[in-house]
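The structure under discussion appears below in the form of structure tokens.
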Amino acid sequence: MILTILKKDLRLYFSDKKGIVITFLLPIIMITLFAFAFGGVVKKKSAPKPISVLVVDKDVTTASQALITKLNAIPAIDLIPTEEEEALTLVRKGKNTAVLLFGKGFSEAVATDTKLPIELKYDAARDLQMQIIHSILKEGFNYHLGKGDVINTVTINTTSVIKEASTKAHPGLVQAVGGTAIMMLLFSIAAIGGGLLDEKEAGTLKRLLIAPVKPFDILLSKMGTAMVVSILQLTAMFVFAWLAFGLPIFMDIVTLLLLIFCISFAVSSFGVFLVSTVKTRQQLQGMSTLIIILMSAIGGSMIPISMMPAFMQNIAVISVNYWGIEGFFDIFWRQLPLLEILPKMGILLAIGLGMTLISSLLFKKNIIAIE
Amino acid sequence: MIQVQNLSKSFQNIDAVNDISFTIEKGEIFGFLGPNGAGKSTTLHMMSALLKSDTGTIHIEGKNSHENAEAYKHLIGVVPQEISLYEDLSAYNNLIFWGKLYRIPPRKLKDSIHTTLELIGLLDRKDDLIKTYSGGMKRRINIAAALLHNPKVLLMDEPTVGIDPQSRNHIFEVIETLNAQGMTIVYTTHYMEEVERLCDRIAIIDSGKIIAQGTQSQLKELVQTKENIQFEFHSLSETHVTQLRQLLPYTMTHTKNKLLVESTVNELSTIITASNKLQLQIKDIHLNKVNLEAIFLSLTGKQLRD
């Protein structure tokens, strides 16, 4: 009797494609992603892509140039010569993790064996990557300058280009609030979009189509609902983060609200897009779980982007999460002016617009097709 | 009022509707009778401008369902087969919502909702959530939602599916009232009793084709079967049958104690009088009417509920 029931249950279970996807495919994808993110996947014969570090040589001597060449030979890093002002701007804007500065008097310090005027200025939002860079460089300096014992070692001064202040959010908090808020928002919006499928199943969609209403208006109204909920949800998340953790949401409230609007537009259109690709609630559940978790994983909601390998950081740009989280870092951590955050907002709006256009085509095919 | 010409629609090489044509006059109740999958709903979907036909045209008061979609949609009210209402809204809020889609001015919409709720007998329950309604009540609100913009034509797709006889009667009364007010009604069903009660003219549809259309009496003339009355007597001899044949002008056949008389119900008393005269004791009488079920069977070789 037990075997009969067991067989029946297994037969039913394996007839449910959604269940199979959730059980097998999703964990496989997640394992793969996390394995890449935590560096667990390294081919024996191929070295990982080097980390780019900007380098500014203010000493401009044979000794400094020679050392830069030697350090650049370390496979794990790629030193890019840059002007100081430009280098600091790039780090401040989050384009690069760190800049290595060779101060004036470097060659003299080497010759006299005094403290080296070297400094590593970095983006504290990428703390983990910074620690790796610091460790590699220190080892390189010690090796090439013939130091490295316990007493006689090179000291690299490290300074965050963005000064932490009581008015500023901790990057970890920005990551936690921004990343989580966008991921949860995607789930909420997929559920709201699913309302369209409920309407189809209940027959109210048919009645809407019978009324003098254009199909595209129905799609837009659903997107509008999703947008209102998105704006409210994101706002509530940030108000909570302000009350509970002191996130300074009023630091640049206009930019924050604009970014919330852009994220909401992109996420809402993504929700409607998801719904337009499927025909039933069951399909939506399977599809949305898979895509949202995947997008959140590669987009930085689950693991900070800076912890991911370079190729995954390149892939991250396809996700709404990435642009949203980067926008929040620009506001709360880098404190960039609105003008400099506008391109990210533009990308979010473009993602939204593209998704809406695709959705309108799929909507006719999958949702409003009446037989 | 309604002209449908050479209408066809197929889905993945299956002809759901195959070259049908019909006209409906103003103020008529026109019924589509056919089994499930016959093409009734597809026809109604095309008439509702929900579905584009592959070929053919539909005109209501000269307006085409797709070329003048906006004006066309204001002419029709559609009662879908499903209960197309928001369960978590009250009846009143549902009607407000559906009415607004037709851009009815607020004052006029409120008046229209009041009149419609009164017509369907649910004015006192207007503030209750739809999910608290019985199946029959939901069906009535489903009809009300199609009436708010005062359409000239009401398209009803099996509006009584799954409800009790009392609610069904209530819906029939609503339909009859609307028709008496001049509304043209197109009604699909697979219940012949509904068509017989309500419809002025009927189209019998099967496998996407209209196989016959006309009034009930016109349809009855299409089949060979005649209406008859079957009598069962306690005892019936050959002599009795001979005597009855002398007394009555109808064709009769008999087996044992049963006698089949080809006549209508109107002649029943004459036959009973003749039987009494011969002191025949009647055990049972059964009237075999030529109904739409019989006509459908005769035309297609299938039962309506096949």
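A quick note: this is a predicted structure, and the numbers were derived from the prediction, not measured. Letters A, B, ... are given to chains in the order of the sequence lines, protein chains preceding strands, and every chain is numbered from 1.
B/His45 and A/Lys206 form a side-chain donor-acceptor contact under 3.5 Å, judged by distance and modelled atom types alone. With 3.5 Å as the limit, one finds no donor-acceptor pair spanning the side chains of B/Asp19 and B/Ser8.
Of residues 74-95 of chain B, those residues lying under 4.5 Å from chain A by any heavy-atom pair are B/His74, B/Val78, B/Val79, B/Pro80, B/Glu82, B/Ile83, B/Ser84, B/Leu85, B/Tyr86. Below 4.5 Å, heavy atoms of chain A meet heavy atoms from B/Asn142, B/Ala145, B/Ala146, all part of residues 133-163 of chain B.
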Should B/Arg125 and B/Asp128 be marked as a salt bridge (charged side-chain N to carboxylate O under 4.0 Å, His left out) after you check the CA-CA gap, both sets of side-chain angles, and the distance that decides it? CA-CA 6 Å; B/Arg125 295 285 307 270; B/Asp128 293 351; 2.3 Å; yes

Could you go through the side-chain hydrogen bond (donor to acceptor under 3.5 Å, both in side chains) check for A/Glu199 and A/Thr204 one step at a time? CA-CA 5 Å; A/Glu199 291 222 32; A/Thr204 45; 2.9 Å; yes

Evaluate B/Glu194 against B/Thr189 for side-chain hydrogen bond (donor to acceptor under 3.5 Å, both in side chains), listing each step before the verdict. CA-CA 7 Å; B/Glu194 296 188 354; B/Thr189 184; 3.0 Å; yes

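Using modelled atom types, no side-chain atom of B/Asp15 and backbone atom of B/Ser207 make a donor-acceptor pair closer than 3.5 Å. With B/Ser48 contributing its side chain and B/Leu50 its backbone, the two residues share no donor-acceptor pair below 3.5 Å.
In this structure, the portion of A/Ala202 lying under 4.5 Å from any heavy atom of chain B is its backbone and not its side chain.
Between A/Phe250 and A/Trp242, the ring planes lie perpendicular to each other; the angle is over 60°, past the 30° to 60° tilted range. Ring planes of A/Phe273 and A/Phe270: tilted class, angle from 30 to 60°.
A distance below 6.0 Å separates the ring centres of B/Phe22 and B/Phe30.
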